[in-house]
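Read the structure below first, then the notes.
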Amino acid sequence: MVAVFQQIHHRPGMRSGSNRRGDSPWVSYRGAMRWSAAFIPTLRDAPADAEAASHKLLVRGGFIRQLHAGHYSLLPLGLRVHEKVAQIVREEIDAIGGQEFLLPAMHPASIWKQSGRWDVMGDEMFRLQDRGGADLALGMTHEEVFSHLATSLHSYKELPQLWYQIQMKFRDEPRPKSGLLRVREFAMKDSYSFDLDDAGLDVAFDAHHEAYVKIFDRLALQAMPVQASSGAMGGSASVEFMVASPAGEDDVLVCGSCDYRANVERGTSQLEPVVDSSIDETVERFPTPGVRTITELESVDGGANAINQIKTMVMVLDGEVTLALLRGDHQLNLQKLLDNSGAIEIRPATSDEAFEALGAHPGSLGAVAVSGIKVFCDLSLEGRTGMVTGANEDDWHLRGVSVERDIEVNSWVDIREVQAGEACVDCGAKLEVIRCIEAGHIFKLGRKYSTAMGITVLDAQGKAQTPTMGSYGIGIGRAVAAIAENHHDDAGLCWPFDVAPYHLLITVLDVDDSQAMSLAESVLAAFSAVGLDVLVDDRDARPGVKFADAELIGIPYRLTIGSRSLSKGQVEFTPRRTGETQMLDQATCASSVLDAVLATR
RNA sequence: CGGGCUGUGGCGCAGUUUGGUUAGCGCACUGGUCUGGGGGACCAGGGGUCGGAGGUUCAAAUCCUCUCAGCCCGACCA
């Protein structure tokens with residue numbers, strides 16, 4: 001470490017900022033950096049188009065720069081955080097037996113066609129052709145490639161396998177946004193488990209669940225595991241790790257008194273029972289001129305409260321016109337309908353399509369006496385009677401409708417979106433809806449890919465078996481952004497110790513004071529000796545600039561060495577998070593700072 | 001893909017409605033003097049195809065047409 005100390009020795013008289021190779025003996029060392037030689041382009045103002053706190057601060061702090069929409073350059077400071085996050089993920093996946101790979105980012109179309117996803121992925125996959133005209137894709141995930149490799153497995157004795165990589169993924173997001181939170185090119189840790197049977201898959205899944213808890217704990221992210229939709233790709237269990245943040249894009253149902261947590265795409269609630277007035281009403285047609293909305297129908301003569309209305313939504317599922325029925329006061333959740341129908345593509349029907357299918361325009365639609373059209377009906381309508389709904393003739397509605405008697409329902413499904421304040425399905429307490437960032441997602445794939453890609457191993461009886469798979473992802477860059485979202489204040493970032501670009505910032509206020517510089521160097525040496533990372537602010541700048549930048553980039557601990565305190569034999573120690581400064585004795589500061597830092601890490 | 005908005009130096013903006021000298025301002029940057037514990041002052045500088053193309057005009061950052069890019073809301077999204 002003496003060598004390190006000398007490599008970074010600041011030569012008195014050298015102008016700060018002079019960093020030409022020819023006149024500096026400075027040799028790069030990952031754990032130590034002089035600010036005067038570093039590329040840390042801090043900005044006083046955030047770019048006007050930055051909205052999310054993490055976006056603003058990561059740009060202002062010189063961690064990232066946008067190249068174009070959804071593509072960011074990681075600057076040295078940003079890369080250090082990114083790599084520390086990746087390393088934590090790597091260590092925890094290794095700890096459950098993961099083996100790291102590095103796979104091609106560019107894939108032949110053939111494997112995507114084999115899995116069936118060449119068509120399914122649609123516009124979200126970047127596609128290109130090579131000079132020979134062969135179709136290629138930039139990998140958005142790596143089930144296909146890993147599955148292709150897994151065809152080299154031949155015996156049950158080789159299972160289980162747990163494979164992973166940390167690699168760039170490419171997704172042509174329709175709307176990249178919020179800095180690193182939603183991008184089109186990003187590093188992701190994705191692991192895949194291969195097991196002979198469901199019990200093995202359970203083990204791999206649970207191991208990941210525990211590993212993820214440890215990872216997010218080490219990242220200082222308060223991530224809650226929530227029940228999630230498996231998405232279009234199916235799967236029997238799916239858990240997302242969600243970090244509460246206004247910059248997020250998912251809504252999560254959180255029960256205040258038990259541990260029920262679910263994505264609104266999956267979660268449900270208890271509904272207050274509704275008592276319908278009469279059971280044997282007959283269906284009656286009545287005029288409702290100009291009435292087009294649930295609200296209007298509430299107050300019209302012969303109408304009813306929303307709770308007694310049937311909302312008829314005309315959707316197009318994979319090109320087929322379909323009806324989704326809900327209680328008048330409920331909202332449709334598209335993902336739920338997707339999951340329940342098994343469709344890949346979903347969109348609301350146009351007004352013309354609705355008219356063609358039902359003979360009326362939206363606002364007067366209903367499912368009574370409709371046949372030949374698939375009808376998905378929300379569970380909340382089971383057994384309901386005396387309902388009001390559209391008559392499939394503009395300006396007319398029906399009342400006295402008994403759902404089960406009068407409507408030909410193909411499937412009863414949970415397709416409504418739970419609202420805040422509804423009762424927890426487990427304990428009945430009030431549910432909150434919390435905006436979250438999806439930081440990780442684990443799920444059981446089953447045999448979809450192993451079947452498609454032709455993976456088989458012989459079992460103990462010599463019979464061919466198709467292994468079952470699990471898939472587990474964590475976005476590294478998104479985790480960096482999520483940490484920034486959760487750990488900042490008005491002045492800037494406050495990196496958790498384990499992912500901080502540097503552990504200690506030594507702010508030297510008078511860079512021409514050789515006593516101050518040599519004190520900085522001795523503290524640096526003490527930190528380097530135990531493998532901690534130190535940034536020395538040796539810029540010839542005014543104190544105000546240095547303090548502001550220090551708070552902006554958010555190094556967890558700062559040692560300030562200034563002639564004013566130094567003349568009294570003192571230096572200042574300030575944790576970024578509290579901002580509370582403690583005076584330390586100059587002579588012993590190296591060891592006391594080291595002790596303080598190690599004690600609180 | 002629908003709705004809204006924005007492109008002027010590295011960042012933040014003014015100027016555009018009503019066309020008219022050399023396109024300005026703050027920050028940042030370079031040299032200098034002073035200063036020296038919370039984004040300091042002064043002096044002197046460098047840096048801009050006004051997103052792009054076409055058009056109207058004696059004259060275009062400004063008007064017209066097309067186009068590209070970016071942002072926000074929604075849709076969408078392992």
Side-chain angles (χ1 to χ4, degrees), chain A residues 15 17 41-52 55-56 59-60 62 65-71 117 120-125 139-143 169 171-179 181-184 186 188 190 192 228-235 238-241 247 249-250 263 265 315 332 334-335 338-339 344-348 350 438 440-445 448-449 470-475 478 491-492 507-513 516 539-552 558 560-567 570-572 574 579 581:
Chain A
R15 294 298 310 175
T42 58
L43 298 173
R44 187 181 293 223
D45 300 307
D49 47 28
E51 197 76 10
H55 186 191
K56 289 181 187 169
V59 172
R60 281 190 58 212
R65 281 290 185 278
Q66 179 175 292
L67 180 61
H68 61 137
H71 299 264
R117 293 206 291 181
V120 172
M121 285 311 183
D123 291 336
E124 202 175 336
M125 188 153 70
M140 35 196 302
T141 172
H142 282 73
E143 277 84 359
K169 303 284 189 282
R171 294 182 190 175
D172 192 356
E173 291 285 348
R175 183 146 104 82
K177 57 180 280 200
S178 305
L181 280 172
R182 177 167 291 280
V183 290
R184 305 203 297 177
F186 57 99
M188 180 173 178
D190 49 326
Y192 303 88
S229 156
S230 310
M233 301 327 291
S238 173
V239 171
E240 288 168 331
F241 288 79
E249 299 178 281
D250 284 277
N263 194 309
E265 295 176 344
M315 307 301 293
L332 174 66
L334 289 179
Q335 187 65 45
L338 217 46
D339 291 348
I344 292 164
E345 195 185 75
I346 188 170
R347 64 174 174 83
T350 63
E438 179 189 346
H441 195 169
I442 59 178
F443 57 100
K444 299 179 182 176
L445 287 174
K448 177 187 167 68
Y449 294 93
S471 168
Y472 319 91
I474 290 183
R478 182 179 283 185
T507 300
V508 180
L509 296 181
D510 307 287
V511 287
D512 293 327
D513 180 339
R539 294 174 299 168
D540 183 17
R542 302 183 68 82
V545 173
K546 294 188 169 209
F547 293 143
D549 274 346
E551 279 149 17
L552 178 58
R558 184 174 87 212
T560 307
I561 304 176
S563 52
R564 201 174 72 185
S565 302
L566 205 53
S567 65
Q570 290 185 316
V571 295
E572 293 147 53
T574 314
T581 294

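The figures here come from the full heavy-atom set of this structure, side chains too, leaving out hydrogens, waters and symmetry mates. Chain letters run A, B, ... following the sequence lines, proteins first, then strands; residues in each count from 1. Note that the structure is a prediction, hence the values are computed from the model and not measured.
- Atom name C1', nucleotides B:U65 and B:U22: the rounded distance is 31 Å, in whole Å.
- With rounding to whole Å, A:Arg175 atom CZ is found 15 Å from B:G4 atom P.
- Listed by chain and residue number, A:Ser54, A:His55, A:Ser178, A:Ala247, A:Glu485 satisfy the side-chain contact (heavy atoms from CB on, under 4.5 Å) test with A:Ala52 (two or more places apart in sequence, or in another chain).
- For A:Arg171, the salt bridge (charged side-chain N to carboxylate O under 4.0 Å, His left out) test picks out no residue, with sequence neighbours left out.
- Backbone-only contact: A:Arg171 has heavy atoms under 4.0 Å from sugar-phosphate atoms and none from a base.
- Residues passing the side chain to side chain donor-acceptor pair (under 3.5 Å) test with A:Arg182, sequence neighbours excluded: A:Glu173, A:Glu249.
- Taking atom C1' on both B:G26 and B:G9, the two are 13 Å apart, rounded to the nearest angstrom.
- Among residues two or more places apart in sequence or in another chain, the side-chain contact (heavy atoms from CB on, under 4.5 Å) test is passed with A:Glu51 by none.
- Remark: C1' of B:C72 and NE2 of A:His55 are 13 Å apart, rounded to the nearest angstrom.
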Under 3.5 Å between N/O atoms: give me all the protein pairs with nucleotides 67-69 of chain B, atom names plus distance.
none

| remark: Readout for nucleotides 37-46 of chain B: B = base within 4.0 Å of protein heavy atom, S = sugar-phosphate only, - = neither; 5' to 3' it is BBBB------
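- Residues passing the ring-ring contact (aromatic ring centres under 6.0 Å, His included) test with A:Tyr192 are A:Phe146, sequence neighbours excluded.
- The residue A:Ala46 sits close only to the backbone: its heavy atoms come under 4.0 Å of sugar-phosphate atoms, none of a base.
- A:Arg347 meets the side-chain contact (heavy atoms from CB on, under 4.5 Å) test with A:Val316, A:Thr350, A:Glu353; sequence neighbours excluded.
- For A:Arg182 against B:C77, a side-chain-to-base donor-acceptor contact under 3.5 Å is present.
- Residues satisfying the side-chain contact (heavy atoms from CB on, under 4.5 Å) test with A:Ala48, not counting sequence neighbours, are none.
- Of the C1' atoms belonging to B:G15 and B:A44, the separation is 27 Å, rounded to the nearest Å.
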